[in-house]
Amino acid sequence: MNASNAMQTAIRGRWAVAAIFLANGFLTGSWAPQIPVFLTRLDISKFTLGLLILLFGAGAVAAMTWCGHLISRHGSRTVLRWFGLCGSLGLLVVALAPNVPLAAIAMFIFGGSIGGMDVAMNANAVVVERRLSRAIMSSSHGFWSLGGFAGGLLGGFAIQTYGHLVHAAVVTALAFAVIAVAVRHLVGEDRPQAAEHHKFILPANPLVYLIGLMALLTMISEGAVLDWAALYLRQELGADLAIAGLAYAAFSGVMAIMRFFGDGVRNRFGAVTTLRGSSVVAAAGMLIAGLSPSPWLAIAAFALCGFGIANMVPIIFSAGGNQEGMSSGTGMSVVTTMGYSGILVAPSAIGFVAEHSSFGPIFVAMSGLLIVVLLMAGLAHRAEFAAAPAE
């Protein structure tokens, strides 16, 4: 294959993996407006809903832990095909679950498919970056947020008008179609990777764990908006289903825009300054949302929060991958594991707290966590040495 053909293949692969990021975000965003229906349809408490969301996170973490091994044996392209096509069916499986035991199994499967898809699509994006010799990770995550925006925006209206099953079926059909076309154009590694077995040793540098804590606190807030914002607007602020679904849509839509511009902002102002400014904006948005007397003000506040959080995670991940005295892979493995536990597992604890409280004070508390990130922002100075997001 000559250089021109190789470049064209890489460009097609770049848009193919972007489409899969978009589909993954669309599936995740479409789950948010399903949550209030899920709660009432199964006639469960917030505590039980929290347990079911915990199973979603457990499924995702379980898939993430062995997806890397699958990629090392089969390559990211093949694994992404498996998880992508299976993941497109996850929301429909949850929507069809008629009782709590089957819903628990469905949530674990849905979480596992989304989690495995997440690892594989990020790994494939790294392959594309190497082929193109330029970064595409931030914009890829921008497509994810764009998909989440579309899912949240359309979901509430579709469920209210046509019902939750029709909504889930249409989401499944759209996601499956996009993924089925995209997987035909994915690029793969230059050669199969051999499965290597190394003794597992935790990094001795404590700084990487503090960076991981920053990722955890940031992504707890992101997970809180995903899993609980719609229910907050529905139950406490009196919004109907269509309006409630706009909370995550506004959050994701603004986040998508900022992620497409994130590299430029960071290059202009520096990683630490950008992280500090973003933390202030995100904390202010979360505080206003928690104190809001009306659903529309809360929606605007969640949008402001998305504006801030958009660039926090890429900067923190970049700092984790550029720690002195350790490989980028070692630093990133600690930071991403701690961070993703925030968005996948920790929000279930919010359900336990909400059973005895209300969501408003919880979102106020989330703003406090983002202030902690602001105070720790100087620890992300290693991100200043990276011209592009770390792998």
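Just so it is clear, the structure is predicted and the values come from calculations on it, not from any experiment.
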query: Between atom OG1 of T274 and atom CD1 of I315, what is the distance when rounded to the nearest 0.5 Å?
result: 5.0 Å
Okay, side chain of [X], backbone of [Y]: is any donor-acceptor separation there less than 3.5 Å?
X: Q34; Y: H164; value: yes
X: Y232; Y: A289; value: yes
X: H185; Y: A182; value: no
X: S88; Y: L85; value: yes
X: T40; Y: V37; value: yes

- request: Give the cluster check for I114 versus I105: same hydrophobic cluster or not, with ILVMFWY residues linked at side-chain heavy-atom distances below 4.5 Å.
  value: no
- request: Give the intermediate values and the outcome of side-chain contact (heavy atoms from CB on, under 4.5 Å) for residues F260 and F143.
  value: CA-CA 8 Å; F260 284 120; F143 281 107; 4.0 Å; yes
Under 4.5 Å between any side-chain heavy atoms of [X] and [Y], yes or no?
X: I309; Y: S221; result: yes
X: L22; Y: L146; result: yes
X: V94; Y: F56; result: no

message: Would you say that more than 12 heavy atoms from the other residues, nucleotides or ligands in this model lie under 6.0 Å from the CG of N99, or not?
response: yes
query: Is the count of non-hydrogen atoms from other residues, nucleotides or ligands lying under 6.0 Å from F38 atom CZ greater than 12?
result: yes
field: Residues forming a ring pair (Phe, Tyr, Trp, His ring centres under 6.0 Å) with F83, sequence neighbours excluded
entry: W66
